[in-house]
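Down below is the structure, laid out as structure tokens.
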Amino acid sequence: MHPRQLPVVTDVFTPTGAEVDAARAIVAAAEEAGSRIVRVDGQMIGPPMVKVARALLARMDSRTPGEVSA
């Protein structure tokens with residue numbers, strides 16, 4: 001990959017603010033409900049989706065400001 005491509009790749013693979021907010025809502029609802037299936041914004045959310053939301057938040061929390069990798 002050419003260094004000039006990094007900003008585009010980063011933009012494409014970095015979650016949007018809305019995706020991060022949705023992941024936070026999913027994790028919060030799951031923690032409140034225990035390990036049961038919950039409804040978030042009209043969608044049924046089960047353990048696999050909670051796992052993905054937690055992984056997204058962990059990736060975002062582990063990034064440093066200005067980090068290029070997504």
Side-chain angles (χ1 to χ4, degrees):
M1 178 182 314
H2 193 278
R4 287 189 292 182
Q5 295 171 317
L6 288 176
V8 173
V9 172
T10 299
D11 287 344
V12 169
F13 289 102
T14 299
T16 64
E19 291 169 328
V20 173
D21 291 343
R24 285 188 182 119
I26 288 169
V27 170
E31 288 175 353
E32 186 175 310
S35 61
R36 298 185 314 243
I37 293 174
V38 296
R39 186 178 297 258
V40 177
D41 295 330
Q43 287 189 307
M44 299 301 287
I45 305 295
M49 294 174 82
V50 174
K51 183 177 179 181
V52 170
R54 284 190 173 124
L56 184 148
L57 294 176
R59 280 195 322 269
M60 294 307 292
D61 289 345
S62 69
R63 292 181 65 183
T64 58
E67 184 177 340
V68 173
S69 64

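- Through side-chain heavy atoms spaced under 4.5 Å, either directly or across other Ile, Leu, Val, Met, Phe, Trp or Tyr residues, Val40 is tied to Ile26, Val38, Ile45, Met49, Val50.
- Distance alone, capped at 3.5 Å, places no donor-acceptor pair between the Thr14 side chain and the Asp11 backbone.
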Would you check, one step at a time, whether the test side-chain contact (heavy atoms from CB on, under 4.5 Å) holds for Arg54 with Glu31? CA-CA 11 Å; Arg54 284 190 173 124; Glu31 288 175 353; 3.5 Å; yes

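- The shortest non-hydrogen separation linking Glu19 to Pro15 is OE1-CA, 3.0 Å.
- Remark: Glu32 engages no residue in a side chain to side chain contact (heavy atoms under 4.5 Å, CB included) (not counting sequence neighbours).
- When the shell of 6.0 Å around CG of Asp41 is examined, it contains 12 or fewer heavy atoms from other residues, nucleotides or ligands.
- Cluster membership check: Val12 shares its hydrophobic cluster with Met1, using side-chain heavy-atom separations under 4.5 Å among Ile, Leu, Val, Met, Phe, Trp and Tyr.
- Panel note: side chain Gln5, backbone His2; a donor-acceptor pair is recorded below 3.5 Å.
- The nearest pair of heavy atoms linking Ala53 to Val27 is CB-CG2, 3.9 Å.
- Contacts of Arg24 classified as salt bridge (charged side-chain N to carboxylate O under 4.0 Å, His left out), with partners at least two apart in sequence or in another chain: Asp21.
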